[in-house]
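Only heavy atoms go into these numbers, but all of them, side chains included; no hydrogens, no water, no symmetry mates.
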Amino acid sequence: MSEPALRLTPLHAEHVRRGARLVPFAGFEMPVQYSGITAEHTAVRQRAGLFDVSHMGELWLRGDLAEQVADALVTNHIAKLPEGRAAYTCCCNAQGTILDDLIVYRVAKGRVLVVCNASNRDKISGHFREHTQGKVSFEDESDATALLALQGPKALAILKTAGTALGDVAKDLPSFRVRETEVAGRKAILARTGYTGEDGVEIFCRNEDAVAIWSALLEAGQSNEILPVGLGARDTLRLEARLALYGNDIDETTNPIEAGLGWVVKLDKDFIGREAIAKIKADGPARTLVGFEMVGRGVARHGYDLKDQKGEKVGICTSGGPSPTLGKSIGLGYLPVGMAAVGTHVVVDCRGRETEARLVPTPFYKRAR
């Protein structure tokens, strides 16, 4: 049987025109890089980068009970969010393991936007549809929605040059806020969120407006040497910031407590998986997600075994690779709680080549405020 055709975002022709290297990702053909991962990564850390993340899922809950219904499906508080606020959260099953990690936006009273990972869209859309039936209106509007991420220290200045209906983005749109506005003369939902460890915004718009906004932002950012950025640098940026990647660091075999996401779990409310997670928290997790840097020469990758000094397997690397900002190789992985102290040395089995690593505090990189 032939493989299903890859889906294209509304910006696909722009990626081709700019010479992007395109790869299959979560059912889409997506740009992995344009000018190079290191150059794109550095642009975001020092200036600004523009991402096409239109493959992500956008799910809407509308109705008088939208906030309360969302509250019962995720671990963080939604009903208590003021209007115009966003929250990072997990959606769990009854066993307390993670179906997906989400950002939930309370755009306005009775209007809740849930953004899920592309690889989990069908699963999460079905989960929300089932649990919202007869309570609120539910719509999966992913296919009609484009999403752009403008990230980096120059991002807000570039947005101002491109044009927005907000007077002063820095003041009118603090971190993790969301507003309905205009960008480059097109209607959009603007959120001060992202997945890079840098300041910036994410812009939700109609498919037909995506090229106009994309082009306006790149033109406005020319003096700041903005670059379009692919999935390769998106991964190195989020790893430096210790932002979890679903399918690598978290999945349906992991729970929020061991993944270091206990801060998004609010046990003072009811949600699916609450009892299981409360027990894990009370008992203490057996393992925990740690950060490490390579001491010897070698690059840690997802799936590599982590061993103790005696050569016994004790854990697994979930994410890893060179850090363009730090100039060293770093990684994340699960280890027994008793071995998780900063400074502990472990061995990474790099395809048969055993390389020493040292546990370090995370995030590996934190931007200056």
Side-chain angles (χ1 to χ4, degrees), residues 7 9-10 26-28 53-94 98-149 165 173 176-183 186-193 201-210 213 246 264-266 268-274:
R7 303 173 69 183
T9 76
F28 284 80
V53 284
S54 302
H55 60 306
M56 302 289 282
E58 289 85 17
L59 317 176
W60 281 92
L61 282 66
R62 297 182 177 93
D64 293 340
L65 298 177
E67 293 86 352
Q68 287 75 15
V69 171
D71 224 25
L73 295 175
V74 300
T75 60
N76 210 342
H77 283 301
I78 304 303
K80 288 185 178 180
L81 282 180
E83 291 181 45
R85 289 289 295 268
Y88 176 67
T89 187
C90 291
C91 177
C92 294
N93 56 28
I98 303 171
L99 295 174
D100 201 7
D101 62 324
L102 316 166
I103 295 185
V104 179
Y105 302 87
R106 190 182 182 208
V107 177
K109 182 176 175 57
R111 296 175 62 225
V112 174
L113 171 61
V114 176
V115 176
C116 63
N117 285 295
S119 59
N120 290 328
R121 174 189 160 187
D122 290 344
K123 174 175 66 175
I124 296 302
S125 184
H127 183 73
F128 271 73
R129 189 180 299 277
E130 175 187 355
H131 290 281
T132 57
Q133 194 168 11
K135 300 173 185 176
V136 296
S137 167
F138 173 81
E139 294 293 337
D140 183 339
E141 298 186 8
S142 309
D143 292 339
T145 306
L147 177 57
L148 285 66
L173 193 73
F176 266 71
R177 292 340 191 250
V178 59
R179 292 280 298 272
E180 294 179 280
T181 182
E182 290 185 358
V183 174
R186 310 294 175 118
K187 288 184 178 180
I189 294 176
L190 190 64
R192 197 149 170 204
T193 50
V201 294
E202 292 179 300
I203 304 163
F204 301 85
C205 65
R206 300 179 304 174
N207 286 343
E208 52 266 38
D209 292 330
I213 294 176
Y246 196 91
V264 305
V265 176
K266 310 302 181 186
D268 60 344
K269 64 162 190 150
D270 290 326
F271 60 86
I272 295 174
R274 181 195 177 281

Side chains of [X] and [Y]: closer than 4.5 Å at any heavy-atom pair?
X    : Y    : result
E182 : D209 : no
C205 : V183 : no
I213 : L148 : yes
R7   : D143 : yes
V178 : F204 : no

Nearest non-hydrogen partners of [X] and [Y], listed with the distance:
X    : Y    : answer
I272 : N93  : CG2-C, 3.7 Å
A191 : Y105 : CB-CE2, 3.4 Å
R111 : A66  : N-CB, 4.5 Å
S142 : G57  : OG-CA, 3.3 Å
H55  : T9   : N-CG2, 4.4 Å
T132 : V69  : CG2-CG1, 3.5 Å

Main-chain N/O of [Y] paired with [X] side-chain donor or acceptor, under 3.5 Å:
X    : Y    : result
Y246 : C116 : no
T145 : R206 : no
R62  : S137 : no

Indicate yes or no: does [X] engage [Y] in a salt bridge with an N to O separation below 4.0 Å.
X    : Y    : answer
D100 : K123 : no
E67  : R106 : yes
D140 : R129 : no

Inter- and intrachain pairs under ring pair (Phe, Tyr, Trp, His ring centres under 6.0 Å), touching residues 56-76, at least two apart: none
Spacing of [X] atom [atom1] and [Y] atom [atom2] [to the nearest 0.5 Å]:
X    : Y    : atom1 : atom2 : answer
N76  : K269 : CG    : NZ    : 7.0 Å
I78  : T89  : CD1   : OG1   : 5.5 Å
E130 : S125 : CD    : OG    : 11.5 Å
K135 : L65  : NZ    : CG    : 9.0 Å
C91  : L102 : SG    : CG    : 5.5 Å
L61  : E139 : CG    : CD    : 10.0 Å

Side-chain donor-acceptor pair present, Y88, D101, cut-off under 3.5 Å: yes
Flag for N117-S119: side-chain donor and acceptor within less than 3.5 Å: no
Result of checking L73, V74, L99, T75 against C92 for side chain to side chain contact (heavy atoms under 4.5 Å, CB included): T75
Residues which pass ring-ring contact (aromatic ring centres under 6.0 Å, His included) with F271, listed by chain and number, not counting sequence neighbours: none
Worked verdict on K80 versus D268 for side-chain contact (heavy atoms from CB on, under 4.5 Å): CA-CA 12 Å; K80 288 185 178 180; D268 60 344; 3.7 Å; yes
